Protein chains: 2
Amino acid sequence: MQATAANDLVSPDRREEVLAAAAECFMRRGYEATSMDDVADMLGATKGRVYHHFRSKPELFFEVFRRAIFILIREAGVHETGPGTAADRLRRMSRAHILCMMETQAFQRNLTLGVDLYRFGETSDEHRATLEELMDLRRGYEDAFRRTFAAGAADGSMKPLDPSLAMRTLLGAINWVAVWYSPRPGETRAHRETLAEEIVAQVLGGYLA
Amino acid sequence: MQATAANDLVSPDRREEVLAAAAECFMRRGYEATSMDDVADMLGATKGRVYHHFRSKPELFFEVFRRAIFILIREAGVHETGPGTAADRLRRMSRAHILCMMETQAFQRNLTLGVDLYRFGETSDEHRATLEELMDLRRGYEDAFRRTFAAGAADGSMKPLDPSLAMRTLLGAINWVAVWYSPRPGETRAHRETLAEEIVAQVLGGYLA
DNA sequence: GTCTATAGAAAGATAGAC
DNA sequence: GTCTATCTTTCTATAGAC
């Protein structure tokens, strides 16, 4: 169908714009404090446009969340398999994770918010199912770090620490980048990569054998 | 005045109850998602009680925030001065910080929320001044870690790393405890201390000379 | 010091024009 | 596909009884 083909080209981009605006708003003000009007304002539009692409505010948030975790899996998670020792692989995973925190900050900050919603939120059955699915995605991503810590203990490249605890302290340190980082004017990718390397060097030092 | 003396004994406790309930609510649902009715419900009371002790919702939040940072300064910040090398002092500071994250979790989670409010929030002049003051308190606390990293480079007990970056990665790792930690039934102080020691051992490893 | 009742503002969501 | 107008609910905050 030609109409569908056209939509595949045009509609996703418009939808994408709404999504990016929502991520930015959620990051700035938080999920609850962000109104649908805020998202629309950021686009220079009105609510009508937002509601045309997303049924409700929770669904808008879920899409932002899903996007954030997909980016992490694609950019960092993939390095779980690769050459070298477990320590080498963990270094590549951490480096990529940090760059994601810096370059898709608006999306990534929402991962933390999502956890809160999940742990304490009173949501409908439908939304709860979606949250469950999203949390599974996040857990799966975290498992890659857990497994790599275990692999490091096995291949001798890393200290034999509790893999779950190590995963949490490592992810804490590098997730926090999304909290304090803000790009300097004129900053290049090379600057961010240098910064990421420094952080990795500091953080991973404690886990290496 | 006897009335005042009585208030000094009674009123603060009632106020304290409201404060603790607010911290708990803010942690569970976040600041914006928490209504004054939610806080009252947690007390088995109505809004009237909350508004009797706190003029507005922001002021309630500010008090929670202030309490959180005071606890950190009192419990962890004080260890900046003490015996041993800078590494020894940083160990004691981190250990105490982690225990605060576990034992006053409800209060501590709000420190992160406060940062968001400050970075992007559109607040009144009065509230902005208060936020400025609270952020100075937080900055001052962070400076203790920064200074101790610098002292560690000077006395040779720690690697000569960028103190600001090291402070951020360390605090990221140990702040994250408040995000993932949840107390097990029957857990004792001794359990938490053991856990805190493990985390400190893992995290500080990378910074030691 | 706490409650009930309510005013006033803001937000999520929908209907229908264009 | 986007806008205007509006319905409905929810929330902050206050007034006044007890």
Side-chain angles (χ1 to χ4, degrees), chain A residues 1-22 25-26 28-64 113 117 121-124 126-127 130, chain B residues 1-22 25-26 28-64 113 117 121-124 126-127 130:
Chain A
M1 289 186 286
Q2 289 177 337
T4 306
N7 279 343
D8 282 350
L9 289 173
V10 179
S11 182
D13 285 46
R14 303 299 277 171
R15 197 183 141 96
E16 212 64 24
E17 281 176 28
V18 177
L19 211 51
C25 288
F26 290 154
R28 291 192 181 187
R29 294 190 256 278
Y31 172 69
E32 296 289 346
T34 298
S35 71
M36 295 300 257
D37 281 320
D38 290 335
V39 177
D41 284 353
M42 174 149 294
L43 293 163
T46 63
K47 278 194 286 218
R49 180 165 166 194
V50 180
Y51 275 104
H52 177 73
H53 292 285
F54 298 92
R55 220 165 289 171
S56 69
K57 194 183 168 190
E59 294 208 11
L60 182 54
F61 178 77
F62 292 150
E63 258 321 287
V64 171
L113 298 176
L117 216 59
E122 299 118 17
T123 49
S124 71
E126 188 193 344
H127 288 158
T130 306
Chain B
M1 291 186 282
Q2 290 177 333
T4 306
N7 280 342
D8 284 349
L9 289 174
V10 179
S11 180
D13 285 46
R14 305 296 278 171
R15 196 183 141 96
E16 212 64 24
E17 282 176 27
V18 177
L19 211 51
C25 288
F26 290 155
R28 290 191 182 188
R29 293 190 258 277
Y31 171 69
E32 296 287 346
T34 298
S35 72
M36 296 298 258
D37 281 319
D38 289 336
V39 178
D41 284 352
M42 175 150 291
L43 293 162
T46 64
K47 278 192 288 217
R49 181 164 164 196
V50 180
Y51 276 104
H52 177 73
H53 293 285
F54 297 92
R55 218 163 292 169
S56 67
K57 194 183 166 189
E59 293 207 12
L60 181 53
F61 177 78
F62 292 150
E63 259 321 287
V64 172
L113 297 176
L117 216 61
E122 298 117 19
T123 49
S124 71
E126 189 193 344
H127 288 159
T130 307

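Since we're looking at a predicted model, the values are computed, not measured. Residue numbers begin at 1 in each chain, while the letters A, B, ... track the order of the sequences.
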Face-on cation placement of Lys57(B) at Tyr31(B) ring, 6.0 Å and 45° thresholds: yes
Main-chain N/O of Ser35(B) paired with Asp38(B) side-chain donor or acceptor, under 3.5 Å: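 At least one qualifying donor-acceptor pair exists.
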[X] [atom1] to [N] [atom2]: how many Å, rounded?
{"X": "Tyr51(A)", "N": "dG16(C)", "atom1": "OH", "atom2": "P", "answer": "18 Å"}
{"X": "Leu60(A)", "N": "dA13(C)", "atom1": "CG", "atom2": "C1'", "answer": "14 Å"}
{"X": "Glu17(A)", "N": "dG1(D)", "atom1": "CD", "atom2": "P", "answer": "13 Å"}
{"X": "Glu32(B)", "N": "dC11(D)", "atom1": "CD", "atom2": "P", "answer": "12 Å"}
{"X": "Met36(B)", "N": "dA10(C)", "atom1": "CE", "atom2": "P", "answer": "17 Å"}
{"X": "Arg15(B)", "N": "dT2(C)", "atom1": "CZ", "atom2": "P", "answer": "13 Å"}
{"X": "Lys57(A)", "N": "dT9(D)", "atom1": "NZ", "atom2": "P", "answer": "18 Å"}
{"X": "Asp37(B)", "N": "dT6(C)", "atom1": "CG", "atom2": "C1'", "answer": "13 Å"}

Side chains of [X] and [Y]: does their closest heavy-atom pair fall under 4.5 Å?
{"X": "His53(A)", "Y": "Glu17(A)", "result": "no"}
{"X": "Arg14(B)", "Y": "Arg49(B)", "result": "yes"}
{"X": "Leu19(A)", "Y": "Leu60(A)", "result": "yes"}
{"X": "Arg15(B)", "Y": "Glu63(B)", "result": "yes"}

Strand contacts (DNA chain C) in residues 42-50 of chain B, 4.0 angstrom heavy-atom criterion: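 Residues of residues 42-50 of chain B under 4.0 Å from DNA chain C: Ala45(B), Thr46(B), Gly48(B), Arg49(B).
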Contact under 4.0 Å: Arg14(B) side-chain N or O vs dT2(C) OP1/OP2: yes
His52(B) side-chain N/O to dC3(C) phosphate OP1/OP2 under 4.0 Å: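 For dC3(C), neither OP1 nor OP2 has a side-chain N or O of His52(B) closer than 4.0 Å.
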Heavy-atom closest contact (Met42(B) atom, Ala21(B) atom, distance):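 The answer is SD-O, 3.8 Å.
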From dG12(C), dT2(D), dA13(D), nucleotide with atom closest to Ser35(A) side chain: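 The answer is dG12(C).
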